[in-house]
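Working notes for the structure below.
Computed from a prediction, not measured in an experiment: that's the story for all the values here. All residue numbers in this chain count up from 1 along the given sequence.
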Amino acid sequence: MASVELDIEEFRAWFPGLTADVIPDALLEVFWEQVCEFVGNTDEKSFAPYDPDATPPKNERKALLYYALCHFATLSVRGDQPGRITNASEGSVSTGFDLIQSTSQTAQWWNQTPCGSTYWTLTAKYRMGGRLYGQSNYHPWG
């Protein structure tokens with residue numbers, strides 16, 4: 001059973017804007033626990049493969065966990081900003097925010113940050129699918 005271990009130095013290399021001055025290691029570790037519950041970090045609980053010893057290595061789960069961690073961390077340091085800035089003024093201070101519009105509230109939450117948007121895009125293949133009918137469809141005329 002393979003699970004991804006958080007390597008804070010590697011994470012900060014992936015996302016150089018999230019330095020120790022911006023977000024402390026202890027808070028990253030708290031968010032890591034939340035992200036692991038959210039995404040899953042074991043073969044039984046995660047939908048994404050992870051096998052670093054395979055040839056070629058299967059590191060999809062690691063990437064998803066790191067992008068989700070970046071999203072959580074970015075939201076925490078951004079404060080109360082609800083989305084991307086659409087307009088701003090200086091005289092008597094005014095700022096407008098907008099989320100990337102989607103038909104899903106979950107997608108709107110992930111699309112608040114670039115790393116969250118990347119996570120949402122990378123997981124699209126797990127959200128799409130056809131219908132599965134568990135019984136035959138009987139019709140009396142054939």
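- Considering all non-hydrogen atoms of both residues, Ala13 and Pro16 come closest at O-CD, 3.8 Å.
- Of all heavy-atom pairs spanning Val22 and Val77, the tightest one is O-CG1, 3.6 Å.
- When all heavy atoms of Glu5 and Trp32 are compared, the pair lying nearest together is C-CZ2, 4.2 Å.
- Between the NE2 atom of His71 and the OH atom of Tyr119 there is a distance of 10.0 Å, given to the nearest 0.5 Å.
- Minimum heavy-atom separation, Pro57 to Pro52: CB-O, 3.7 Å.
- Looking at heavy atoms from C-beta onward, Phe11 lies in side-chain contact with Leu18 at the 4.5 angstrom threshold.
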Can you list the steps and then say if Leu6 with Leu65 is a side chain to side chain contact (heavy atoms under 4.5 Å, CB included)?
CA-CA 9 Å; Leu6 174 62; Leu65 287 166; over 6 Å; no
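- From Gln112, atom CD reaches atom OG1 of Thr74 across 10.5 Å, with rounding to the nearest 0.5 Å.
- Taking OG from Ser3 and NZ from Lys62, the interatomic distance works out to 12.0 Å, rounded to the nearest 0.5 Å.
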Derivation of the side chain to side chain contact (heavy atoms under 4.5 Å, CB included) call for Ile8 and Glu29:
CA-CA 9 Å; Ile8 293 179; Glu29 290 173 4; 3.8 Å; yes
Step by step, work out the ring-ring contact (aromatic ring centres under 6.0 Å, His included) result for Phe72 and Trp109.
CA-CA 11 Å; Phe72 277 52; Trp109 184 77; 5.7 Å; yes
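- A donor-acceptor contact under 3.5 angstrom links the side chains of Asn111 and Ser117, judged on distance only.
- Under a 3.5 Å cut-off, the side chain of Asn41 and the backbone N or O of Val4 do form a donor-acceptor pair.
- Nearest heavy-atom pair, Arg78 versus Leu75, reported as atom, atom and distance to 0.1 Å: NH2-CD2, 3.1 Å.
- Shown here for Pro49 and Tyr126, the closest heavy-atom pair between the two residues is CD-OH, 3.5 Å.
- Under the 3.5 Å distance criterion, the side-chain polar atoms of Thr123 are matched with a main-chain donor or acceptor of Trp120.
- Distance alone, capped at 3.5 Å, places no donor-acceptor pair between the Arg61 side chain and the Val39 backbone.
- Between the CG atom in Leu64 and the CZ atom in Phe38 there is a gap of 12.0 Å [rounded to 0.5 Å].
- For Tyr67, the OH atom is loosely surrounded, since the number of other residues' heavy atoms within 6.0 Å does not exceed 12.
- When atom types are taken as modelled, the side chain of Arg12 and the backbone of Thr19 share a donor-acceptor pair closer than 3.5 angstrom.
- When atom types are taken as modelled, the side chain of Thr118 and the backbone of Pro114 share a donor-acceptor pair closer than 3.5 angstrom.
- Here the side chains of Cys70 and Thr113 are not in contact, with every heavy-atom distance at 4.5 Å or above.
- Counting heavy atoms from C-beta outward, Tyr50 and Lys58 have side chains that stay 4.5 Å or more apart.
- With values rounded to the nearest 0.5 angstrom, Glu9 atom CD is found 15.0 Å from Trp14 atom CH2.
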